Enquirer: 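Just passing along the structure, written as C-alpha cells.
Numbering of residues begins at 1 and proceeds along the displayed sequence. Model, not experiment: these values are computed from the prediction. FYI, side chains are in, hydrogens and waters are out, and symmetry mates aren't considered; it's all heavy atoms of this structure.
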Amino acid sequence: MKTKKSGTMASAAVPTDFVLKQNYPNPFNPATEISYAVPRDVHVTVKIYNVQGAEVATLVDADQMASFYTVSWNAEGLASGVYFCTLKAGEFEKTIKMAFVK
C-alpha cells in the first residue's frame, strides 16, 4: 500500500486540522482511496477493521510530516460487507464506515 502526498510540490499549504475524509468510491469494489490530513509532524496509523473488530490491514504506520495524504486499499480476497477505517494521529482518532460490495 503506497501513501502519497496530495497536491503539487509548488503548493505550500499545510492543513489546519486533522481530517479523515470518507473513502471514495463508497461502496467500492475492490479498491478505494482514503484521504486524510495532518496539521503537524506526528506518528500516524491508518488501519482497517471488519465488523467483528478484527484488524484486516494496516495501511500506514509511520511518522509523517504535516500535509495532505491519500492511501489506497484493495479488499480483493476479503468478504463483501462493512469495514471500518481508523486514523490515529497523536491524540486525534476518527473512524469511517466503508462498504465493500462484490
Side-chain angles (χ1 to χ4, degrees):
M1 315 285 164
K2 289 197 172 187
T3 304
K4 61 183 178 186
K5 283 188 182 182
S6 301
T8 63
M9 293 301 252
S11 174
V14 174
T16 57
D17 294 307
F18 288 99
V19 175
L20 173 60
K21 294 184 178 181
Q22 186 63 49
N23 65 303
Y24 180 83
N26 190 36
F28 65 97
N29 177 17
T32 190
E33 290 196 345
I34 301 156
S35 296
Y36 61 96
V38 292
R40 65 178 189 272
D41 297 357
V42 67
H43 187 84
V44 174
T45 60
V46 178
K47 296 185 178 190
I48 308 296
Y49 300 90
N50 64 19
V51 291
Q52 288 83 29
E55 182 181 323
V56 296
T58 297
L59 306 181
V60 178
D61 186 1
D63 293 332
Q64 293 187 322
M65 298 186 315
S67 190
F68 298 91
Y69 296 90
T70 299
V71 64
S72 297
W73 179 52
N74 189 324
E76 190 172 338
L78 295 175
S80 292
V82 174
Y83 290 86
F84 299 92
C85 174
T86 299
L87 167 71
K88 291 184 183 178
E91 69 284 349
F92 178 83
E93 182 175 338
K94 183 175 179 182
T95 301
I96 57 171
K97 183 166 53 171
M98 307 182 297
F100 175 37
V101 180
K102 287 187 179 181

Enquirer: When you compare the side chain of Trp73 with that of Val71, does any pair of heavy atoms fall below 4.5 Å?
Expert: no

Enquirer: Hydrophobic clustering (ILVMFWY, side-chain heavy atoms < 4.5 Å, transitive) - are Tyr49 and Val60 grouped together?
Expert: no

Enquirer: Are the side chains of Tyr69 and Ile34 in touch, meaning some heavy atoms are under 4.5 Å apart?
Expert: no

Enquirer: What are the two closest non-hydrogen atoms of Glu76 and Pro30, and how far apart are they?
Expert: N-CB, 4.0 Å

Enquirer: According to a hydrophobic-cluster definition based on side-chain heavy atoms being under 4.5 Å apart (Ile, Leu, Val, Met, Phe, Trp, Tyr only), do Val82 and Tyr24 belong together?
Expert: no

Enquirer: Atom OG1 in Thr86, atom NZ in Lys47: separation rounded to 0.5 Å?
Expert: 9.5 Å

Enquirer: Are Leu59 and Ile48 side-chain neighbours, meaning at least one heavy-atom pair lies under 4.5 Å?
Expert: yes

Enquirer: Any side-chain heavy atom of Phe68 within less than 4.5 Å of one from Pro15?
Expert: yes

Enquirer: Looking only at heavy atoms, what is the nearest atom pair of Pro25 and Thr32, with distance?
Expert: O-OG1, 3.1 Å

Enquirer: Looking at Ser80 and Lys102, would you say the former's side chain and the latter's main chain have a donor-acceptor pair under 3.5 Å?
Expert: yes

Enquirer: For the residue pair Tyr36 and Val19, establish whether any side-chain heavy-atom pair is separated by less than 4.5 Å.
Expert: no

Enquirer: Under a single-linkage definition using a 4.5 Å side-chain heavy-atom cutoff for Ile, Leu, Val, Met, Phe, Trp and Tyr, are Phe28 and Val51 assigned to the same hydrophobic cluster?
Expert: no

Enquirer: Could you tell me whether Lys97 atom NZ has more than 12 heavy atoms of other residues or ligands within 6.0 Å of it?
Expert: no

Enquirer: Identify all side-chain donor-acceptor contacts of residues 38-45 below 3.5 Å with residues at least two apart in sequence or on another chain.
Expert:
| residue | atom | partner | partner atom | Å |
| --- | --- | --- | --- | --- |
| Arg40 | NH2 | Glu91 | OE1 | 2.8 |
| Arg40 | NH2 | Glu91 | OE2 | 3.1 |
| Asp41 | OD1 | Ala66 | N | 3.0 |
| His43 | ND1 | Asp63 | OD1 | 2.9 |
| His43 | NE2 | Asp61 | OD1 | 2.6 |

Enquirer: Is the ring pair Tyr83/Phe100 parallel, tilted or perpendicular, if the boundaries are 30 and 60 degrees?
Expert: tilted

Enquirer: With sequence neighbours excluded, what pairs up with Phe18 under the ring pair (Phe, Tyr, Trp, His ring centres under 6.0 Å) test?
Expert: Phe92

